[in-house]
Protein chains: 2
Amino acid sequence: MPYTYDYPHPAVTVDIVIFTIEDDDLKILLIQRGNEPFKGKWALPGGFVEIDESLRRAAWRELKEETGVNAAFLEQFGAFGHPDRDPRERIITIAYYALIPAERLEIKADSDAQDARLFSMNDLPELATDHPKILRRALERVQEKIDDPVIALQLVPAEFTLTELQRVHERILGISLDKRNFRKKMLALDLVESTGGKRRDGRHRPASLYRAKDPADVPYR
Amino acid sequence: MPYTYDYPHPAVTVDIVIFTIEDDDLKILLIQRGNEPFKGKWALPGGFVEIDESLRRAAWRELKEETGVNAAFLEQFGAFGHPDRDPRERIITIAYYALIPAERLEIKADSDAQDARLFSMNDLPELATDHPKILRRALERVQEKIDDPVIALQLVPAEFTLTELQRVHERILGISLDKRNFRKKMLALDLVESTGGKRRDGRHRPASLYRAKDPADVPYR
DNA sequence: GCAAAAGTGTTTGAGGTACACCCATGC
DNA sequence: GCATGGGTGTACCTCAAACACTTTTGC
């Protein structure tokens, strides 16, 4: 028991809401806890902040441990620290969200997880402690930021169709958008350019492929 | 040394950026540290989170200790935890900002402060540790939120003139606004109403006084 | 040929921006 | 009477929203 203090100290964790789009659906990564407390319950991936590690670095480390991803859009959105959110001790968590295209995820159940997988935002299991609240706030934050068009670009492969990009907006906002208005606006922003290629998938007209015009808009790809 | 843990734990504080308008100027409250580290330097008011106290409650407690105010607009905007931001030990701080009319502030130098007073955002002293960064982020957050008209209402007395309200917008954004457009928009929003009263101050036409139409917009008054 | 998604323009309304002069008061 | 801030209206422009048909492909 080597670590002693004059006053009680809380533990500090980072938790990460990892959003992705899979099967035309907005999903998040959850892990099933393998140990008490909340054993068997699903929870946001996360873990303790090391004593000599910045908050952001801790978030990156956890993200990599759970998904293999070492480059992604990652942003802090809040701190949650109600005294009884964990039965072991006082734990304050700093919450981040990440936006990652599904094909880049290599989901791994980390050390104290029984299982890890994506869940649709429309079909979530019961979550541990205050994770429903954290998740709700994460979604609100992404919805507020979706007007910044680089957000949707994070959730789409390097080459994508405009319809795919539109679907990302629709799934995040939970509403449907007008195709003509969406395309007009997106092209006017001048952030994407045609690759010249087309994608054939099914018995209908092929879709033109686009990419982000400025690679800095999707730095982690 | 009664508090021992298996792993090292950081300390957690709350720091508060208290914005106000005084002398037609955007100001913040700073305290001059009375003890090491950073003795003599100016810093944001704040303090340690008690072990059984929520983050928000800690922020309220500190706010009251420094200003006597027990009701105000108070919002969390970020967590800052670079490992070497404090030389004593690892300290992670949860940052809040508050918006309070100057006349409600009763500034008190708390226990370990030599002094406490308002500083113009245009004339700040050198600040301790990462407080410049925290302050910058607080201002950015308020600027982002000023489009929500209830923000400016927090910084104005219960009765105010439209010019005063316009000045709040101007000082936060750091730009000047068109008087006619500002009034048109503010009145169209239907959030304020005339009290019928007028304020005479100086050798010019008296200004009509207004109040927030819905008291819930300024719940802390 | 038909089902299915891709692709394409115009009109309308709301809201933001630019802009200049008269009014009520104190001295 | 003059300096000072209070108070008012119109024209223009931009951008968001509504809206329907043709094209290309696979079967």
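Each chain gets a letter, A, B and so on, in the order the sequences are listed, and its residues count up from 1. Everything numeric in this text was worked out from a predicted model, so none of it was measured.
- A donor-acceptor contact under 3.5 Å links the side chain of A:Asn181 to the base of D:dA18.
- For the pair A:Glu170 CD and C:dA5 P, the interatomic distance rounds to 13 Å; values are reported in whole Å.
- No contact: A:Thr161 has no heavy atom under 4.0 Å from any strand.
- A:Arg203 has its CZ atom 8 Å from the P atom of D:dC27, to the nearest Å.
- Computed from coordinates, the B:Asp24 CG to D:dG5 P distance equals 11 Å when rounded to whole Å.
- Separating the CG atom of A:Asp201 from the P atom of C:dA6 is a distance of 8 Å, rounded to the nearest angstrom.
- The cationic group of B:Arg180 does not satisfy the cation-pi geometry with B:Phe182, failing either the under 6.0 Å distance to the six-membered ring centre or the 45° limit from the ring axis.
- Per the geometry, CZ belonging to A:Arg205 stands 17 Å off P belonging to D:dC21, to the nearest Å.
- Surrounding NZ of B:Lys133 are at most 12 heavy atoms belonging to other residues, nucleotides or ligands under 6.0 Å away.
- For B:His204 and A:Lys184, each mapped to the nucleotide of DNA chain C holding its nearest heavy atom, the one lying further toward the 5' end belongs to A:Lys184.
- Residue A:Ser208 places none of its side-chain N or O atoms closer than 4.0 Å to OP1 or OP2 of C:dA6.
- Within 6.0 Å of CZ on A:Arg57 lie no more than 12 heavy atoms contributed by other residues, nucleotides or ligands.
- The base of C:dT17 has none of its N or O atoms less than 3.5 Å from a complementary donor or acceptor on the side chain of B:Lys185.
- For A:Thr163, no side-chain nitrogen or oxygen approaches OP1 or OP2 of C:dA5 to under 4.0 Å.
- Between A:Lys198 atom NZ and C:dG7 atom P there is a gap of 6 Å when expressed in whole angstrom units.
- Going from atom NZ of B:Lys179 over to atom P of C:dG16 covers 20 Å, rounded to whole Å.
- Between the side chains of B:Tyr210 and B:Glu159, not a single donor N or O lies within less than 3.5 Å of an accepting N or O.
- Considering only side-chain atoms of B:Arg183, the nucleotide from D:dT8, C:dG7, C:dG9 that sits closest is D:dT8.
- For A:Glu126, the CD atom is loosely surrounded, since the number of other residues' heavy atoms within 6.0 Å does not exceed 12.
- For B:Arg180, counting side-chain heavy atoms from C-beta on, the closest listed nucleotide (C:dA20, C:dG9, D:dG6) is C:dA20.
- Both A:Pro206 and A:Asp178 sit near DNA chain C, but only A:Pro206 has its closest nucleotide nearer the 5' end.
- In this entry the distance linking CG of A:Leu165 with C1' of C:dG7 reads 16 Å, nearest Å.
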